[in-house]
There are 2 protein chains.
Amino acid sequence: MTIDNRAPHSNAESVDVARDDLRLEKFLPYRLSVLSNRVSNAIAQAYGARFDLTIPAWRVMAILGRFPDLSAAELVEQTAMDKVAISRAVSSLLKNDYITRSEDPADRRRQVLNLSELGRDVYERIVPLAQQYENDLMGSLSAEERQQLDSIIEKLMDRAQAWAERGLID
Amino acid sequence: MTIDNRAPHSNAESVDVARDDLRLEKFLPYRLSVLSNRVSNAIAQAYGARFDLTIPAWRVMAILGRFPDLSAAELVEQTAMDKVAISRAVSSLLKNDYITRSEDPADRRRQVLNLSELGRDVYERIVPLAQQYENDLMGSLSAEERQQLDSIIEKLMDRAQAWAERGLID
DNA sequence: TAACATTGGTTTCAATTGTAACCACTGCTG
DNA sequence: CAGCAGTGGTTACAATTGAAACCAATGTTA
């Protein structure tokens, strides 16, 4: 991977070592970030407008829709979201009556969360919406590409995960 | 562009409800977001610690390193970052003496930005660091996969871009 | 050339987010 | 069962971010 792409340099009879410039628009972390933001924002706007939901709140609902009777700590595990983010999402969902919270008599610190009736309604209306977006995205790929993407993401995720655990590179 | 892409319900036992649940961990927007955050944070931590740089500030430097004499507005174009984010990044970079700013005599609203000596030093130290991370990421993929990823991202980006322009789906 | 629209860039204010401290409860160890 | 470490969850506060208002310079139109 040899790239000699030097930018038009203003002054200087620069000896200009074939400087190893960074091409941001080809830099994977950058591209991922742009892509991810575009996608998430578009979708969030779609459901955020209709119902009153932030991204973290919707994530909590998405998990509770599939796995009832979770505690906040279990949500943390499932979503990889932060403790505090969960707490805030939960309290806003309670305000909306989208979820219910009940004490666990066996452990009075623990609170069991579930979608409420209303919450499940909303959930069931958002799911197809979300799937529509995903289908539209995926629709721009061939079946083969979809599968490739799936496995590629998996690999990248593992690698990035490793950074977080071991103290990064060197 | 209608696709009936029902989740493959690949798992066995769950007799349960045949509800059309959303499997967050398979949902592309979600995975992208997690991946992107992991990657960006790891890298940002690496250079943020050594030099005093935020992600947007580093992005500005990355662009200026390749394309001297840009104005803030041109940075906005190049990076797809927000106007305000650029303004703040620029002002923090000025504080660090990583960039210089000079008036354009032809248009006194416009300010021309460049890496300073110090800034270029830092830039040239960060570039290999960033590339090291990218190489490490890419190293988990085969050459073929890398190329696939490149083209896939391109396609997804276009699609997401389209959402932003036309008023989303339906 | 007086009015008005546009562009480049900054400031202000509110909302979102992250970090750390914090309470309440549990469970272990002596 | 007293003491104390660990857990579940919230609160407080600082830093980041985004939207909109804003100022100053330029361009355009009549």
Side-chain angles (χ1 to χ4, degrees), chain A residues 33-34 36-38 40-45 47-49 52-60 63-64 69-96 99-114 164, chain B residues 33-34 36-38 40-45 47-49 52-60 63-64 69-96 99-114 164:
Chain A
S33 154
V34 172
S36 163
N37 286 338
R38 276 195 191 150
S40 291
N41 290 338
I43 301 183
Q45 200 167 327
Y47 61 61
D52 178 35
L53 284 178
T54 62
I55 292 182
W58 161 241
R59 281 192 189 161
V60 166
I63 297 293
L64 287 180
D69 294 318
L70 295 186
S71 70
E74 288 161 338
L75 282 171
V76 168
E77 268 179 49
Q78 287 283 332
T79 61
M81 288 167 60
D82 177 90
K83 217 185 171 195
V84 179
I86 295 282
S87 168
R88 292 198 255 241
V90 163
S91 92
S92 95
L93 287 171
L94 284 170
K95 229 170 258 160
N96 288 357
I99 63 174
T100 63
R101 174 165 64 179
S102 56
E103 276 195 0
D104 179 347
D107 182 342
R108 286 183 19 243
R109 294 167 301 185
R110 195 164 175 283
Q111 326 202 287
V112 179
L113 303 170
N114 273 296
Chain B
S33 154
V34 172
S36 163
N37 286 338
R38 274 195 191 150
S40 292
N41 290 338
I43 301 183
Q45 200 167 326
Y47 61 60
D52 178 35
L53 284 178
T54 62
I55 294 183
W58 161 242
R59 281 192 189 162
V60 166
I63 296 292
L64 286 180
D69 295 319
L70 295 187
S71 69
E74 288 161 338
L75 282 172
V76 168
E77 268 179 48
Q78 288 283 331
T79 60
M81 289 167 59
D82 177 271
K83 216 185 172 194
V84 179
I86 295 281
S87 169
R88 290 198 256 243
V90 163
S91 92
S92 96
L93 288 171
L94 283 170
K95 228 170 255 159
N96 288 359
I99 65 173
T100 63
R101 174 165 64 177
S102 57
E103 275 195 2
D104 179 346
D107 182 341
R108 291 188 10 247
R109 292 167 302 185
R110 197 166 173 281
Q111 325 204 284
V112 179
L113 303 170
N114 273 295

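Since the structure is predicted, the reported quantities are computational estimates derived from the model, not experimental observations. Proteins get letters first, then strands, A, B, ... in listed order; numbering begins at 1 in each.
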* To do: For residues I55(A) and S40(A), determine if any side-chain heavy atom of one lies less than 4.5 Å from a side-chain heavy atom of the other.
  =>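 In contact.
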
* Decide yes or no for V34(A) and R38(A): does some side-chain heavy atom of the first lie under 4.5 Å from some side-chain heavy atom of the second? =>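 Sidechains of R38(A) and V34(A): in contact.
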
Looking only at side-chain atoms of [X], point me to the closest of [options].
X	options	value
V84(B)	dG9(C), dT11(C), dT19(C)	dT11(C)
R101(A)	dT19(C), dA25(D), dG9(D)	dG9(D)
P56(B)	dT17(D), dG9(D), dT10(D)	dT17(D)
D107(A)	dT11(C), dC25(C), dG9(C)	dC25(C)

Between [N] ([atom2]) and [X] ([atom1]): distance, integer Å:
X	N	atom1	atom2	value
E74(A)	dG8(D)	CD	C1'	11 Å
R109(A)	dG27(C)	CZ	P	6 Å
R110(A)	dC25(C)	CZ	P	16 Å
N41(A)	dT17(D)	CG	P	14 Å
I86(A)	dT17(C)	CD1	C1'	14 Å

* **Point-to-point distance, once rounded to the nearest 0.5 Å, from OG of S92(A) to CZ of R88(A)** =>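 Here the interatomic distance stands at 11.0 Å.
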
* Short side-chain N/O contact from S87(B) to OP1 or OP2 of dG9(C), under 4.0 Å ->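 Looking at the OP1 and OP2 atoms of dG9(C), neither is under 4.0 Å from any side-chain N or O of S87(B).
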
* **dT7(D) phosphate, OP1 or OP2, under 4.0 Å from R108(A) side-chain N/O** =>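 It does not, given that no N or O in the side chain of R108(A) lies less than 4.0 Å from OP1 or OP2 of dT7(D).
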
* Asked: Who pairs with R109(A) by salt bridge (charged side-chain N to carboxylate O under 4.0 Å, His left out), at least two apart in sequence or on another chain?
  ->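 Salt bridge (charged side-chain N to carboxylate O under 4.0 Å, His left out) check on R109(A) returns D107(A).
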
* Apply the side-chain contact (heavy atoms from CB on, under 4.5 Å) test between V76(A) and each candidate in V84(A), D82(A), L70(A), I86(A); give the one that qualifies. =>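 Result: among V84(A), D82(A), L70(A), I86(A), I86(A) is the only option passing the side-chain contact (heavy atoms from CB on, under 4.5 Å) with V76(A).
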
* Asked: So what does S71(A) hit on the nucleic acid, given a heavy-atom distance under 4.0 Å: a base, only sugar-phosphate, or nothing?
  ->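 Counting heavy atoms under 4.0 Å across all strands, the contact made by S71(A) is with sugar-phosphate only.
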
* Asked: Which residue, Q111(B) or A106(A), contacts DNA chain C at a nucleotide closer to its 5' end, judged by nearest heavy atom?
  ->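 Counting from the 5' end, the first nearest nucleotide belongs to Q111(B).
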
* To do: Would you mind telling me which residue lines up with the more 5' stretch of DNA chain C, D82(A) or V90(B), judged by nearest nucleotide?
  =>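 Closest to the 5' end, via its nearest nucleotide, is V90(B).
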
* With no angle test and no hydrogens, is the base of dG18(D) tied to the side chain of R88(B) by a donor-acceptor pair under 3.5 Å? ->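 Between dG18(D) and R88(B), which were checked side chain against base, a qualifying N/O pair under 3.5 Å is present.
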
